Protein chains: 2
Amino acid sequence: MEARALETGERILDAAERLFMAHGYEGTSMRQITGEAGVNLAAVNYHFGSKESLMQEVFRRRLDWLNEERMRVLNELEREANGEPLKPSVIVDAFFGTLLRMAGDEKRGGMTFLRLLGRTLTEPSEFIRAFLAHEYKTVMDRYKEALFKALPEVPKAEIVWRFHFMLGATSYAIAGTDALRLVTDWQIEEEDSTDRLDRLVPRLMSFLIGGLRAPLPQFENATVEH
Amino acid sequence: MEARALETGERILDAAERLFMAHGYEGTSMRQITGEAGVNLAAVNYHFGSKESLMQEVFRRRLDWLNEERMRVLNELEREANGEPLKPSVIVDAFFGTLLRMAGDEKRGGMTFLRLLGRTLTEPSEFIRAFLAHEYKTVMDRYKEALFKALPEVPKAEIVWRFHFMLGATSYAIAGTDALRLVTDWQIEEEDSTDRLDRLVPRLMSFLIGGLRAPLPQFENATVEH
DNA sequence: GTCTATATCATGATAGAC
DNA sequence: GTCTATCATGATATAGAC
């Protein structure tokens, strides 16, 4: 069957990506996936072996590119800087901006994958978190080091916490296209949806950099050194 | 059976709260819940009617108090201010600080409930998001209005976005006690776990306020007014 | 109110014909 | 590679004895 628009494996991945995004891993059945993909139920196990392996492949297909791109961008920036420390805002843009700009790239999953990723970082399933932690480790370490150098006066623990907070804010921003629409119930009248993504990036960047560069917290009764 | 430590309903709620936190709504079966609670399988349907109603009751038990407390605190602050606008940091603390301080209050669910809440805000299940949106609406509207007054020079849409980002950062901070530990893989050597919560609050507050008060974003090719 | 037993259905996975 | 048919399991929910 050469006439089929996409290979069976790709069609399964596309359907799984969308359905996992919409209903979560546990909330999506293989029957739904194969039904939407228009393939036979047995095809998932034939092509991927199991539902878990399918989930991993859904992520690997996108994350391989994303993480390589993040590495490439950071390497390039450091090369241009000639040993000078980078500005924190440049590092933040290289990490989060590269991610957010995937949203406009349909052939790399677009908003669907971004929302899936945003949701999955808090997904309860153990194997998914372990898998993502492994996939991300090299890149995270690299960016943490870059931030340590860019902010030598800030304790490393604070930087790591703030990286954590930035990840959270970003995940929500992308996962919440409809999730938190409900919670916040905003009526942003002045803009249409085509503008929304273009504006989200600078909006989020301002917020993230403001948070990253905020005055350090004062601990009340902390055991400062011991 | 008066001798039982807790009523059947409460024991089910406690078990469900912990298990939904650990494995998600779809990932938790009623057999697990009743097993951990030490009650019969049929007890859930007798006391709560269905798994969905149980989930709602798990949240209502905690959110009723939280949201009343948030309203009470904000009312009190505004009363004291005598019509003067509140400082943004005071409002942020009333909303997020009140939430975070629940973590230390075991009889109000403590960290378990906080982590459940953090995860659930990105939970895919439709009915949960709809339920939370309804439960939160009054409080969210009240706090948004307070922030609008506190920051009259900032466009309302920006404030709502930044509220959104703050929710995300906070959710992660609490949901991720072990979730993002994996992703960030930090080694915070200098503090023990008893300090962690005491320090999380000022850490997160600094970040949130830095983000909320950051310089406004510049939009590249935006249709500013139309 | 609490239990046992069970109805009814959906799930992930696989065997084996084509 | 793709299909049908089916297995074994586990899910939510309920009927009815105690």
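Because the structure is a prediction, the values reported are computed rather than measured. We name chains A, B, ... by the order of the sequence lines, and we start the count at 1 in each one.
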Exercise. Report the distance from atom CE of A/Met55 to atom P of C/dG12, rounded to the nearest whole Å.
Key: 13 Å
Quiz item: Among C/dT2, C/dA13, D/dC3, which is the nearest nucleotide to the side chain of B/Tyr46?
Solution: C/dT2
Quiz item: The side chain of B/Met30 lies closest to which of these nucleotides: D/dC3, C/dT4, D/dA13?
Solution: D/dA13
Quiz item: Quick one: A/Leu54 CG to C/dT11 C1', roughly how many Å, whole number?
Solution: 15 Å
Quiz item: What does B/Thr34 touch in the nucleic acid at a heavy-atom separation under 4.0 angstrom: a base, only the sugar-phosphate, or nothing?
Solution: nothing
Quiz item: Rounded to whole angstroms, how far apart are CD on A/Gln32 and P on C/dT11?
Solution: 7 Å
Exercise. For D/dT2, take OP1 and OP2 only and decide whether either is under 4.0 Å from a side-chain N or O of A/Thr8.
Key: yes
Quiz item: Are B/Arg142 and B/Glu145 ion-paired here, with the side-chain N under 4.0 Å from a carboxylate O?
Solution: no
Practice problem: Determine: side-chain N/O of B/Asn45 to OP1/OP2 of D/dT12, distance under 4.0 Å, yes or no. | Solution: no
Quiz item: Quick one: on DNA chain D, does A/Arg31 or B/Tyr25 contact a more 5' nucleotide (nearest heavy atom)?
Solution: A/Arg31
Practice problem: May I have the distance from B/His47 (atom NE2) to C/dT2 (atom C1'), rounded to whole angstrom? | Solution: 8 Å
Exercise. Identify which one of A/Leu54, A/Ile12, A/Asn45 satisfies the side chain to side chain contact (heavy atoms under 4.5 Å, CB included) criterion when paired with A/Met30.
Key: A/Asn45
Quiz prompt | Closest to the B/Asn40 side chain, choosing from C/dT2, C/dT4, D/dT12 | solution = C/dT4
Quiz item: At under 4.0 Å between heavy atoms, what does A/Ala42 touch on the DNA or RNA strands: base, sugar-phosphate, or nothing?
Solution: base
Practice problem: State whether A/Asp141 and A/Lys144 are salt-bridged, where the test is any N-O pair (Lys NZ or Arg NE/NH1/NH2 against Asp/Glu carboxylate O) under 4.0 Å. | Solution: yes
Practice problem: Show your working on ring-ring contact (aromatic ring centres under 6.0 Å, His included) between B/Phe207 and B/Phe96 and close with a plain yes or no. | Solution: CA-CA 12 Å; B/Phe207 180 88; B/Phe96 293 100; over 10 Å; no
Quiz item: For the pair made of CD1 in A/Ile12 and C1' in D/dC3, what is the distance, rounded to whole Å?
Solution: 14 Å
Quiz prompt | Test ring-ring contact (aromatic ring centres under 6.0 Å, His included) applied to A/Phe95 and A/Phe163, step by step | solution = CA-CA 10 Å; A/Phe95 191 89; A/Phe163 206 153; 5.1 Å; yes
Quiz item: A/Leu41 side chain: which of C/dA13, D/dA13, D/dC3 is closest?
Solution: C/dA13
Quiz prompt | Interatomic distance where CZ belongs to B/Phe48 and C1' belongs to D/dT14 [whole Å] | solution = 18 Å
Quiz item: Please give, in whole Å, the distance from D/dG10 P to B/His23 NE2?
Solution: 15 Å
Quiz item: NZ of B/Lys51 versus C1' of D/dT14: gap in Å, rounded?
Solution: 17 Å
Self-check item: Phosphate OP1/OP2 of C/dT11: any A/Ser29 side-chain N/O under 4.0 Å
Solution: yes
